[in-house]
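What follows is one structure encoded as structure tokens, with my remarks underneath.
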Amino acid sequence: SATTGSLILTGGAGITGNLNVSATATIGSNATINGGQTLSVTAATSIEFFREVGDSTPVAGLTLSAPSVSSCGKLILFGGTEGAQNDGLIISSGTSVLLTVPDSSITGFQGSGIAFNGNSANSTISGFTISGNIGSGIRFASADGGLVNLSGTVIAENNIIGNAAF
């Protein structure tokens with residue numbers, strides 16, 4: 001689904017199939033988003049989750065791409081679902097995230113729990129349990145094999161356990 005301008009979701013939102021959402025401005029969600037499917041969100045300015053993602057039914061992977069991403073609700077991602085993406089949370093290059101809600105979790109993915117796919121300066125990740133992923137708990141990589149700029153990024157107060165590597 002694509003829109004010109006901003007897109008704001010309200011009420012409850014259930015994902016019944018893998019979903020790609022994009023907007024030429026801000027994407028905001030005042031809705032709790034549930035469903036054992038993947039969700040990819042791309043916005044030209046920002047992505048703002050004001051409620052939980054995957055609270056009653058975990059989401060099978062989340063990809064974020066915007067200059068700024070924040071969440072006021074916890075994120076619950078589970079990779080043990082058919083059709084789950086390889087990495088739990090994919091943070092695209094050029095995306096700065098502020099994800100600090102306690103009791104968020106990323107578990108059971110074939111790849112990494114969190115994948116920083118390129119530059120993500122000034123990001124903060126805390127309050128997560130990242131466990132049981134076949135790959136790394138957190139992976140840092142660039143698409144071209146070059147250096148990744150994570151200056152000002154803080155990853156603290158997380159439980160990263162039972163993954164193949166950090």
Side-chain angles (χ1 to χ4, degrees), residues 1-55 57-79 83-101 104-106 109 111-128 130 138-156 158:
S1 175
T3 188
T4 301
S6 295
L7 173 65
I8 306 296
L9 303 174
T10 60
I15 303 171
T16 57
N18 294 336
L19 180 62
N20 297 311
V21 179
S22 64
T24 59
T26 296
I27 295 178
S29 178
N30 292 321
T32 298
I33 300 172
N34 288 297
Q37 305 292 323
T38 63
L39 174 61
S40 177
V41 186
T42 302
T45 55
S46 66
I47 300 167
E48 301 168 353
F49 295 110
F50 297 106
R51 303 278 311 269
E52 288 78 17
V53 174
D55 188 35
T57 305
V59 172
L62 178 62
T63 300
L64 302 171
S65 181
S68 172
V69 176
S70 63
S71 180
C72 298
K74 63 186 173 182
L75 304 179
I76 307 295
L77 309 178
F78 177 64
Q85 66 188 29
N86 190 55
D87 298 314
L89 174 60
I90 298 172
I91 301 168
S92 300
S93 187
T95 300
S96 176
V97 298
L98 178 61
L99 304 174
T100 60
V101 178
S104 292
S105 68
I106 303 172
F109 286 89
S112 298
I114 298 175
F116 282 91
N117 285 349
N119 300 328
S120 292
N122 302 311
S123 291
T124 302
I125 302 225
S126 67
F128 280 81
I130 304 167
I138 301 175
R139 177 177 55 82
F140 307 95
S142 68
D144 63 4
L147 297 176
V148 176
N149 178 5
L150 297 169
S151 63
T153 292
V154 176
I155 299 173
N158 297 289

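Using modelled atom types, no side-chain atom of Ser40 and backbone atom of Asn20 make a donor-acceptor pair closer than 3.5 Å. Counting only distance, with no hydrogens or angles, the side chain of Asn158 and the backbone of Ala156 share a donor-acceptor pair below 3.5 Å. Remark: the backbone N or O of Asp87 is paired with a side-chain donor or acceptor of Gln85 at under 3.5 angstrom. No side-chain donor-acceptor contact under 3.5 Å links Ser96 to the backbone of Pro67. Proximity of a side-chain donor or acceptor of Thr45 to a complementary backbone N or O of Ala25 within less than 3.5 Å is detected.
Rounding to the nearest 0.5 angstrom, the gap separating the OG1 atom in Thr100 from the CZ atom in Phe128 is 8.5 Å. Distance CG/Leu75 to CG/Leu99: 5.5 Å, rounded to 0.5 Å. The line from CG of Leu64 to CZ of Phe49 is 5.5 Å long, rounded to the nearest 0.5 Å. For the atom pair Ser71 OG and Leu98 CG, the distance stands at 9.0 Å (nearest 0.5 Å). Within the model, atoms CD of Gln37 and CG of Leu19 stand 9.5 Å from one another, a figure rounded to the nearest 0.5 Å. In this structure, OG1 in Thr38 is found 3.0 Å from CG in Asn18, a value given to the nearest 0.5 Å.
For the side chain to side chain contact (heavy atoms under 4.5 Å, CB included) criterion with Phe116, the lone passing option out of Thr95, Ile125, Ile90 is Ile125. With Phe109 as the partner, the side chain to side chain contact (heavy atoms under 4.5 Å, CB included) test is satisfied by one option alone out of Ile114, Leu77, Leu89, Ile130: Leu77.
Between Ala115 and Arg139, the shortest heavy-atom distance links the atoms CB-NH2, 3.1 Å. When all heavy atoms of Thr42 and Ile27 are compared, the closest pair comes out as O-CD1, 3.3 Å. The two residues Lys74 and Val101 make their nearest non-hydrogen contact at N-CG1, 3.5 Å. Residues Ser120 and Ser123 approach most closely at O-OG, 3.1 Å, considering heavy atoms. Nearest approach of Leu39 to Val21, heavy atoms of both residues: CD1-CG2, 4.2 Å. Minimum heavy-atom separation, Leu147 to Ser142: O-CB, 4.2 Å.
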Legend entry - Asn117 and Ser92: CA distance, side-chain angles, deciding distance, side-chain contact (heavy atoms from CB on, under 4.5 Å) verdict: CA-CA 5 Å; Asn117 285 349; Ser92 300; 5.7 Å; no
